[in-house]
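Position 1 is the first residue of the sequence; numbering continues from there.
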Amino acid sequence: IFSRLRHERFQLAVEFSNYSWWITRLAGIRRRTEMDLPRFWWIVPGAGKKWRKRHAVEHYADVVRKLGIPVTDMCLRIHTTTSEEIKADQWLRKHGVAPGEPVIGMHPGGEGLWGRKRWSVTNFAHVADGLAEQVGARIMIMGGKDDERLANELASRTQYPVINAVGQTTLGETAALAARCTLFIGNDSSPLHIAAASGTPVVGIYGPTDPRSYHPWVPKDSSKTGRYAQYARYEVVRSKLRCACRFTLVGGITVVTWVTCLICPALRTITPEQVLRVAVRMIEAITNYKLQITN
């Protein structure tokens, strides 16, 4: 890899990861821009105190600003193609979803931290059944091929039929389907953030990861404007354990804290009732808002 990078003779490395600095140095790339890590963050407990108060997106934007490139628009967007939009509509019609019928997207997977960010599939099944009973929603399980086992297990545990789209759509089609959901519920993993960037309100279930760094991104200057002015665009459900939600963007915690995050049982203390209560409240707010703008 080093010889290939040297052969290309890159003049600049823009590093959003804290682990790759040595690669660019060995590859002979002299000009680099990277995140400003707190000094001695890996061992001094208070070194990353200010660092933890900012979202990962804000840290990444600072990397770009170092190049003299202004970053003023902090909204995350996913632009799907017309073909992907058509296929998403066809997928919903194929599975009998009527126009205006509420669809709740769910993602039970997530490979981050070696699977330690995944809430119980049984809990997801309880929430799915509760939403089907309380708001008459159709449940659509979403994710990639790596999530197929979890999705099949979730579908087998629900009392009501679900739509299983896991591994059957491209990334763009997944985003288009997420945009058509009334609400999306998932672990702190890519599909949750894809849904948020697609404009869908989301409920994130957080165990070891710190929402201050990784909550679904809604810039402060745009949270009161646009399509979701009348209700929350995201909610975070987390444990009250002291060890919960301490895994922040690298540079915010010590190595010792990092290890404790891997053994923290926070996700097991979050109940289906907690998530269901938040989801129903958000759906009711969305429904009431839609009624107001149509009357």
Participant: Give the minimum heavy-atom separation between His107 and Phe184, together with the two atoms involved.
Facilitator: CB-CZ, 3.7 Å

Participant: Of all heavy-atom pairs between Val203 and Leu192, which one has the smallest distance, and what is that distance?
Facilitator: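 That closest heavy-atom pairing would be O-CD1, 3.7 Å.
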
Participant: Going by an N to O cut-off under 4.0 Å, is there a salt bridge joining Arg157 and Glu153?
Facilitator: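 Result for this pair is yes, salt bridge flagged.
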
Participant: I'd like to know whether CZ of Arg149 has more than 12 heavy-atom contacts from other residues, nucleotides or ligands below 6.0 angstrom.
Facilitator: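 At most 12 heavy atoms, drawn from other residues, nucleotides or ligands, come within 6.0 Å of this atom.
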
Participant: Starting at CZ of Arg246, measure out to SG of Cys261 and round the result to the nearest 0.5 Å.
Facilitator: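 Going from the CZ atom of Arg246 to the SG atom of Cys261 covers 6.5 Å.
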
Participant: Is the closest side-chain heavy-atom distance between Leu5 and Phe10 below 4.5 Å?
Facilitator: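 The answer is yes, as the side chains (C-beta and beyond) meet within the 4.5 Å cut-off.
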
Participant: Are Met74 and Leu67 in one and the same hydrophobic cluster, where Ile, Leu, Val, Met, Phe, Trp and Tyr link if side-chain heavy atoms are under 4.5 Å apart?
Facilitator: yes

Participant: Once you round to the nearest 0.5 Å, how far does CG of Leu154 lie from CG of Leu150?
Facilitator: 8.5 Å

Participant: Any non-hydrogen side-chain atom of Leu26 less than 4.5 Å from a side-chain atom of Trp22?
Facilitator: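 A side-chain contact exists here, since the closest heavy-atom pair is under 4.5 Å.
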
Participant: Distance-only, no hydrogens or angles: does the Tyr60 side chain make a donor-acceptor pair with backbone N or O of His55 under 3.5 Å?
Facilitator: no

Participant: Inspect the surroundings of CZ in Arg281 and state if more than 12 heavy atoms from other residues, nucleotides or ligands are less than 6.0 Å away.
Facilitator: yes

Participant: With a 4.5 Å heavy-atom cut-off, do Ile163 and Val97 have their side chains touching?
Facilitator: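 Ile163 vs Val97: side chains touch.
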
Participant: Can you sort out the partners of His193 under ring pair (Phe, Tyr, Trp, His ring centres under 6.0 Å), two or more places apart, ordered by chain and number?
Facilitator: none

Participant: Looking at Ala178, is its backbone amide N or carbonyl O close enough to the side chain of Thr200 to form a donor-acceptor pair, meaning the two atoms are under 3.5 Å apart?
Facilitator: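 Present.
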
Participant: Tell me whether Gln11 at atom CD has more than 12 heavy atoms from other residues, nucleotides or ligands lying less than 6.0 Å away.
Facilitator: no

Participant: More than 12 heavy atoms of other residues, nucleotides or ligands under 6.0 Å from CD1 of Ile43: yes or no?
Facilitator: no

Participant: Could you grab the distance from atom CG of Leu262 to atom CZ of Arg116, nearest 0.5 Å is fine?
Facilitator: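 Those atoms lie 5.0 Å apart.
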
Participant: Can you list everything that forms a ring pair (Phe, Tyr, Trp, His ring centres under 6.0 Å) with Phe124? Sequence neighbours excluded, please.
Facilitator: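 Result, ring pair (Phe, Tyr, Trp, His ring centres under 6.0 Å) vs Phe124: Trp119.
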
Participant: Glu58 versus Trp217: any side-chain heavy-atom pair under 4.5 Å?
Facilitator: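 SC-SC contact between Glu58 and Trp217 confirmed.
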
Participant: Less than 4.5 Å apart, side chain to side chain, heavy atoms only: is that true for Leu276 and Leu131?
Facilitator: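 Yes, side chains in contact.
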
Participant: Could you see if Phe40 belongs to whatever hydrophobic cluster contains Val256? Use Ile, Leu, Val, Met, Phe, Trp, Tyr and a side-chain cutoff under 4.5 Å.
Facilitator: no

Participant: Rounded to the nearest 0.5 Å, what's the gap from OG1 on Thr269 to CG on Leu241? Could you check?
Facilitator: 4.5 Å

Participant: Less than 4.5 Å apart, any side-chain heavy atom of Lys66 and any of Asp36?
Facilitator: yes

Participant: Give a yes or no on whether the backbone of Glu284 and the side-chain of Asn288 come within a donor-acceptor separation of less than 3.5 Å.
Facilitator: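 Side chain of Asn288 to backbone of Glu284: a pair is present.
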
Participant: Write down the atom of Ala13, the atom of Thr24, and the distance for their closest heavy-atom approach.
Facilitator: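 Closest approach of Ala13 to Thr24: CB-CG2, 3.6 Å.
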
Participant: Are the side chain of Thr248 and the backbone of Asp210 linked by a donor-acceptor contact shorter than 3.5 Å?
Facilitator: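 No, because the side chain of Thr248 does not come within donor-acceptor range (under 3.5 Å) of the backbone of Asp210.
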
Participant: Do Val237 and Val280 land in one hydrophobic cluster if side-chain heavy atoms of ILVMFWY residues count as linked below 4.5 Å?
Facilitator: yes

Participant: With the side chain counted from C-beta on, respond yes when Pro208 and Leu113 share a heavy-atom pair under 4.5 Å apart, and no when they do not.
Facilitator: yes

Participant: If you count heavy atoms of other groups shown closer than 6.0 angstrom to CG of Leu171, is the number above 12?
Facilitator: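 At most 12 heavy atoms, drawn from other residues, nucleotides or ligands, come within 6.0 Å of this atom.
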
Participant: Quick check for you: to the nearest 0.5 Å, what is the distance between Arg268 atom CZ and Ser239 atom OG?
Facilitator: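 The CZ atom of Arg268 sits 10.5 Å away from the OG atom of Ser239.
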
Participant: Going by an N to O cut-off under 4.0 Å, is there a salt bridge joining Glu85 and Arg180?
Facilitator: yes

Participant: In terms of hydrophobic clusters joined by side-chain contacts under 4.5 Å, are Leu12 and Ile69 together?
Facilitator: yes

Participant: Is it the case that more than 12 heavy atoms not belonging to Arg32 sit under 6.0 Å from its CZ atom?
Facilitator: yes

Participant: If we ignore hydrogens and angles and just use 3.5 Å, is the side chain of Ser120 paired with the main-chain N or O of Thr122 as donor and acceptor?
Facilitator: yes

Participant: Will you find, in the side chains of Thr260 and Thr257, an N or O donor that is under 3.5 Å from an N or O acceptor?
Facilitator: no

Participant: Please check if the number of heavy atoms outside Lys53 that lie under 6.0 Å from its NZ is greater than 12.
Facilitator: no

Participant: So, applying side-chain contact (heavy atoms from CB on, under 4.5 Å) with Ile205, which one of Asp188, Asn187, Asn123, Val236 is it?
Facilitator: Asn187

Participant: Taking the inter-plane angle between the rings of Tyr234 and His215 on a 0 to 90° scale, is it parallel (under 30°), tilted (30 to 60°) or perpendicular (over 60°)?
Facilitator: parallel

Participant: Tell me, with the steps shown, if Ile270 and Val275 meet side-chain contact (heavy atoms from CB on, under 4.5 Å).
Facilitator: CA-CA 8 Å; Ile270 298 174; Val275 176; 4.0 Å; yes

Participant: Heavy atoms only: give me the nearest Pro102-Gly136 pair and the separation to one decimal.
Facilitator: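 Where Pro102 meets Gly136 most closely, the heavy atoms are CG-O, 3.9 Å.
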
Participant: Taking the SG atom of each, are Cys264 and Cys243 under 2.5 Å apart?
Facilitator: yes

Participant: Please find the pair of heavy atoms, one from Ala176 and one from Glu84, that lie closest to each other, and give the distance.
Facilitator: CB-O, 3.7 Å

Participant: Hey, are the side chains of Met140 and His95 touching, using non-hydrogen atoms and a 4.5 Å cut-off?
Facilitator: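 Result no, sub-4.5 Å side-chain heavy-atom pair not found.
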
Participant: Parallel, tilted or perpendicular: which one describes the rings of His59 and Trp51, with boundaries at 30° and 60°?
Facilitator: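 Geometry flag for Trp51 against His59: parallel rings.
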
Participant: For the pair Gln168 (side chain) and Ala165 (backbone), establish whether a donor and an acceptor sit closer than 3.5 Å, ignoring hydrogens and angles.
Facilitator: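 Answer holds: no.
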
Participant: Do you know the tightest heavy-atom contact between Leu177 and Trp91?
Facilitator: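 Taking Leu177 first and Trp91 second, the nearest heavy atoms are CD2-CD1, 3.8 Å.
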
Participant: Picking from Thr80, Thr174, Ile78, Leu76, what satisfies side-chain contact (heavy atoms from CB on, under 4.5 Å) with Ser198?
Facilitator: Ile78

Participant: Treating Lys145 as the side-chain partner and Gly167 as the backbone partner, does any N or O pair qualify as donor plus acceptor under 3.5 Å?
Facilitator: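 Looks like yes, one N/O pair under 3.5 Å.
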
Participant: CD/Glu15 to CE/Met35 distance, rounded to the nearest 0.5 angstrom?
Facilitator: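 Glu15 atom CD to Met35 atom CE measures 9.5 Å (nearest 0.5 Å).
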
Participant: Test: side chain to side chain donor-acceptor pair (under 3.5 Å). Region: residues 124-138. Which pairs qualify, not counting sequence neighbours?
Facilitator: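 Found Glu133-Tyr160.
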
Participant: Given the rule that I, L, V, M, F, W and Y join up when any side-chain heavy atoms are under 4.5 Å apart, are Ile104 and Ile194 in one cluster?
Facilitator: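 No: no chain of side-chain contacts under 4.5 Å links Ile104 to Ile194.
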
Participant: In terms of side-chain geometry, is the basic nitrogen of Glu111 or Arg118 positioned less than 4.0 Å from the acidic oxygen of its partner?
Facilitator: yes

